[in-house]
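Note sheet for the following structure.
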Amino acid sequence: MLDGKKTLFSGMQATGNLTLGNYLGALKNWVSISDEYNCFYSVVDLHSITVRQDPATLRKRARTLLTLYIAAGLDPVKNCIYYQSHVSAHAELAWILDCFTYMGELSRMTQFKDKAAKHADNINAGLFTYPVLMAADILLYQADVVPVGIDQMQHLEITRDIAQRFNSVYGEVFTIPEAYIGKVGAKIMSLQDPSKKMSKSDENPNGSIYLMDDKDTIMRKCKRAVTDSVSVIRYTDEQPGLKNLIDIYSACTGRKPDEVVKEFDGRGYGDFKMAVGAAVAQILVPLQIEQARLAADKAYVDGIIKENAEKASYYAGKTLRKVQKKIGFPERVR
Ligand code: ATP
Ligand code: LTN
């Protein structure tokens with residue numbers, strides 16, 4: 001604990017193009033709670049290579065993601081914003097924690113099962129041990145809270161199990177982290193299939209609103225969103241497509257779902273979809289402008305990357321050395 005504040009860790013992969021789901025489920029919450037914590041926000045590029053990546057594209061996406069964190073409102077001086085691959089302690093602790101994680105628990109992870117089914121030609125060991133690297137990310141910084149979308153809950157639970165297992169052998173080495181799931185936007189669904197989460201890796205681009213979509217595209221995707229034939233605006237699981245649109249509108253405007261239902265009472269789906277599109281564009285367009293401005297300021301962004309990698313390495317190194325000592329690795333001779 002620094003300055004009496006608790007510590008927060010979170011990260012996003014630099015794979016695919018970020019969606020509104022990533023923004024509302026994660027990034028937006030990061031910004032709203034960042035003042036209360038000492039925060040570490042990582043671009044988790046080591047996680048990205050569990051799926052094959054083109055080098056130039058990965059490099060470009062990682063940088064776009066890092067600037068998006070800042071554009072979304074995370075102050076890079078108060079918050080440590082950095083690339084995971086710049087801090088070697090992540091990979092080192094992950095190996096150690098691999099030896100405290102069981103095959104059985106990893107094979108129960110739904111994300112592994114989904115991704116293995118999707119990439120049947122490349123079910124690599126990294127895909128399997130992905131949650132252990134995630135545990136290393138979180139535990140290295142002794143994080144108290146981890147803001148994520150609800151789909152990551154299972155990974156948070158395994159992180160806690162690994163930490164408790166390690167602590168029960170070696171004493172209180174790791175802080176046991178808690179997940180922080182936002183009240184609205186915890187799970188944004190696909191606009192084309194409301195039974196699936198909106199995802200970067202969806203083959204149908206109409207199912208997702210990308211953070212870089214222009215206003216016309218956003219409006220078009222909202223207009224085409226799958227709803228139902230009930231034709232009454234209500235917030236219920238029986239109308240999942242509409243419910244998702246209400247969640248999106250609610251997260252973008254700060255109004256509660258029942259207020260939204262009242263506001264649109266008696267109006268048609270067409271009207272509501274246009275209002276959703278406009279509310280989303282009102283959030284995303286300024287974000288895009290700020291990201292482009294930052295991306296053009298190479299020297300400023302490079303400075304942040306360098307300073308924050310050093311800061312992250314300092315804190316991560318402290319935990320790693322403690323772990324190595326507890327385990328019994330020989331001390332370095334100075
Ligand atoms: P992919 O779909 O390619 O597996 P992803 O969209 O889940 O990727 P991640 O980088 O794995 O993206 O997730 C980043 C953060 O965004 C996580 O905290 C995750 O919980 C959150 N998130 C992702 N999709 C959604 C969604 N549809 N609704 C709410 N939160 C989401
Ligand atoms: N698996 C996460 C990304 C991630 C993460 C983390 C999130 C990697 N390491 C540590 C929170 C804390 C995902 O969102 N898919």
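Atoms within each ligand, like the ligands themselves, are counted from 1 in listed order. The structure presented is a predicted model; accordingly, all values stated were derived computationally and were not measured.
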>> Under 3.5 Å, is there a donor on one side chain and an acceptor on the other for Asp202 and Asn204?
In response: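 No, Asn204 and Asp202 have no side-chain donor paired with an acceptor closer than 3.5 Å.
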> Has ligand 2 got any nitrogen or oxygen that is less than 3.5 angstrom from a nitrogen or oxygen of Tyr130?
Replying inline: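 It does: an N or O of Tyr130 is found under 3.5 Å from an N or O of ligand 2.
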Show which atoms of ligand 2 fall inside a sub-4.0 Å distance from at least one heavy-atom site of [X].
| X | answer |
| --- | --- |
| Val44 | 8 (C), 9 (N) |
| Ser10 | 11 (C), 12 (C) |
| Val146 | 11 (C), 12 (C) |
| Ile138 | 10 (C), 12 (C) |

> Is any side-chain heavy atom of Val148 closer than 4.5 Å to a side-chain heavy atom of Ser10?
Replying inline: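 The answer is yes, as the side chains (C-beta and beyond) meet within the 4.5 Å cut-off.
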Nearest protein heavy-atom contact for [atom]: which residue, which atom, what distance?
| atom | value |
| --- | --- |
| atom 9 (N) of ligand 2 | Asp137 OD2, 2.6 Å |
| atom 7 (C) of ligand 2 | Gly11 O, 3.5 Å |
| atom 15 (N) of ligand 2 | Gln152 NE2, 3.0 Å |
| atom 8 (C) of ligand 2 | His47 CE1, 3.4 Å |
| atom 10 (C) of ligand 2 | Phe9 CE2, 3.4 Å |

>> Determine whether the aromatic ring centres of residues Tyr83 and His90 are separated by less than 6.0 angstrom.
In response: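 No, too far apart.
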> Leu245 pairs by side chain to side chain contact (heavy atoms under 4.5 Å, CB included) with which of Val276, Val260, Ile233?
Replying inline: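 Among Val276, Val260, Ile233, the one that satisfies the side chain to side chain contact (heavy atoms under 4.5 Å, CB included) with Leu245 is Val276.
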Charged N-O contact under 4.0 Å between [X] and [Y]:
| X | Y | value |
| --- | --- | --- |
| Arg293 | Glu290 | yes |
| Arg63 | Asp302 | yes |
| Glu105 | Arg165 | yes |
| Glu263 | Arg255 | yes |

> Contact residues of ligand 1 with a heavy-atom cut-off of under 4.0 Å?
Replying inline: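 Answer by chain and number: Met12, Gln13, Gly21, Asn22, Gly25, Ala26, Lys115, Val148, Gly149, Asp151, Gln152, Gly185, Ala186, Lys187, Ile188, Lys197, Met198, Ser199, Lys200, Ser201.
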>> Taking side chain to side chain donor-acceptor pair (under 3.5 Å) as the cut-off, I'd like each qualifying pair that reaches into residues 266-282, sequence neighbours left out, listed once.
In response: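 Counting only pairs at least two positions apart or across chains, the side chain to side chain donor-acceptor pair (under 3.5 Å) contacts touching residues 266-282 are Asp228-Tyr269, Gln239-Tyr269, Arg267-Asp271.
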Kindly check if the number of other-residue, nucleotide or ligand heavy atoms within 6.0 Å of [atom1] ([X]) is above 12?
| X | atom1 | answer |
| --- | --- | --- |
| Glu307 | CD | no |
| Lys256 | NZ | no |
| Lys200 | NZ | yes |

>> Once you restrict to heavy atoms under 4.0 Å, what part of Asp151 touches ligand 2? Side chain, backbone, both or neither.
In response: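 Answer for Asp151: neither.
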> Looking only at heavy atoms, is any part of Val148 under 4.0 Å from ligand 2, and if so is it the side chain, the backbone, or both, or is it neither?
Replying inline: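 Only the side chain of Val148 comes within reach of ligand 2.
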